[in-house]
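Notes follow once the structure below has been shown.
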Amino acid sequence: MSAFASQGFDADAYLALRPTYNQALVRWLLKYHTGASNSAADIACGPGTFTVDLAKAFDRVAGVDPSSSMIASAQEDANRKGITNVEYKQGFGEQLPIESDSIDLLTVMQGVHWFDAEKFFGEALRVLKPGGTLAMVGYDYPEVANWPEPLAGKTFARKLATDSDMLKQYWDKGFNLVEEAYAPLLRIAETVAGFDNIEYVGFPKDLAGGVTGITALPEPWIDPKSMTFSEFRAYLKTWSAYKAWKDANPTSKDVLDAYFDRKQAELQKNGQSEETTTIEWPHFAIVVRKRA
């Protein structure tokens, strides 16, 4: 189980700092989707980041997440926005609290890698209506677009995540699927008898150029985000691996703060401004249809 479901996780920070999905994603899904628009469900919905977008396109929406703090944050956000056609429930991807043959569109945004894929695909087939759509979207480590050293910008967060002296051993099993742009999940989905019309897409083009079988999207589904250096630091503290590191090392010097402090000192030494950064997330998706 991901650290997101553990006690003490800051769901409000997650809602404020995590990337958001744009209308290009919604348009693409609605163009792909050939079924009705009566009901949708967003699994591993977190604080409802994408659930509220579904609520604009579907009559009824369910948001499902194992974390009580995520569900509470999602409900508060929906209340603030006056959204009344969403019901949030606690639950897991392998045992969805949803009736069989009841869902037109099922989404999982940056969450399917935490699931037992075969059990989840079985549940997806159970709850989807014939001809219904399953969309699984993920994004890779964030990249800093406006640092003077392009390579440093691309690798800064990845090094924090994958260095054995920092967070590497604190990721839950399954995060390697993100690093592989969900390609192993694609191979599993292709073996499921109840799925057809499989699409495997990603952005940007250089991601598509490095991943076998993926089709480049013409426009991003996640917009770049402007952050101060402090906000970028706070965003990375929403990572599940950082939460796991904190739980395991309550009295140690903060590994993420130390890493950021070194980079900040380096930027200042070179006379570079680090006050505002532009963050981009390479992203990818597997979209399938339940056979009618």
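None of the values given here were measured: they were computed from a predicted structure.
No salt bridge links Lys154 with Asp140; every basic N to acidic carboxylate O contact stays at or beyond 4.0 Å. Salt bridge Lys263/Glu266: present, at least one basic N to carboxylate O contact under 4.0 Å. One finds no salt bridge joining Lys173 and Asp116 here, because no Lys/Arg side-chain nitrogen approaches an Asp/Glu carboxylate oxygen to under 4.0 Å.
Arg126 places a side-chain N or O within 3.5 Å of a backbone atom of Ile98 that can act as its donor or acceptor partner. With hydrogens and angles disregarded, a donor-acceptor distance shorter than 3.5 Å links the side chain of Asn85 to the backbone of Phe58. Proximity of a side-chain donor or acceptor of His33 to a complementary backbone N or O of Leu105 within less than 3.5 Å is not detected. The backbone N or O of Ser252 lies less than 3.5 Å from no partner atom in the side chain of Asn249, so there is not a single donor-acceptor pair. A donor-acceptor pair is defined here as one N or O able to donate and one able to accept, closer than 3.5 Å; such a pair exists between the side chain of Tyr259 and the backbone of Phe156. No donor-acceptor pair under 3.5 Å is formed between the side chain of Lys290 and the backbone N or O of Val127. Listed for the Thr277 side chain is a donor-acceptor partner under 3.5 Å among the backbone atoms of Met227. In this structure, Thr191 contributes its side chain and Ile188 its backbone to a donor-acceptor pair below 3.5 Å. Formation of a donor-acceptor pair under 3.5 Å by the Tyr88 side chain with backbone atoms of Cys45 is not found in this model. Using a distance-only test at 3.5 Å, with no hydrogens or angles considered, a donor-acceptor pair links the side chain of Asp65 to the main chain of Gly46.
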List the steps and the verdict of side-chain hydrogen bond (donor to acceptor under 3.5 Å, both in side chains) for Thr238 and Arg18. CA-CA 8 Å; Thr238 70; Arg18 283 283 175 134; 2.9 Å; yes
Is there a side chain to side chain contact (heavy atoms under 4.5 Å, CB included) between Phe175 and Trp239? Walk through the geometry before answering. CA-CA 11 Å; Phe175 199 78; Trp239 278 0; over 6 Å; no
Is there a side chain to side chain contact (heavy atoms under 4.5 Å, CB included) between Lys89 and Ile71? Walk through the geometry before answering. CA-CA 7 Å; Lys89 309 175 183 181; Ile71 292 295; 5.8 Å; no
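No more than 12 heavy atoms of other residues, nucleotides or ligands lie within 6.0 Å of NZ in Lys119, so this atom counts as exposed by the packing criterion. Crowding of Gln90 atom CD: a count of heavy atoms from other residues, nucleotides or ligands under 6.0 Å exceeding 12. With a 6.0 Å radius and a threshold of 12 heavy atoms from other residues, nucleotides or ligands, Glu190 has its CD atom above the threshold.
Side-chain contact between Trp221 and Phe203 is absent, with no heavy atoms from C-beta onward closer than 4.5 Å. Contact annotation: the side chain of Leu160 never approaches that of Tyr242 to less than 4.5 Å [non-hydrogen atoms, C-beta and beyond]. Residues Phe115 and Met136 have side chains not in contact (no heavy-atom distance under 4.5 Å, counting atoms from C-beta outward).
Checked against a 6.0 Å centroid threshold, the rings of Trp281 and Tyr235 count as neighbours.
Note on ring orientation: taking the six-membered ring where Trp is involved, the planes of Phe284 and Tyr182 are perpendicular (angle over 60°, cut-offs 30° and 60°).
Evaluation of the ring-ring contact (aromatic ring centres under 6.0 Å, His included) test over residues 61-83, restricted to residues two or more places apart or in two chains, returns none.
Donor-acceptor pairing under 3.5 Å is recorded for the side chains of Ser67 and Ser69.
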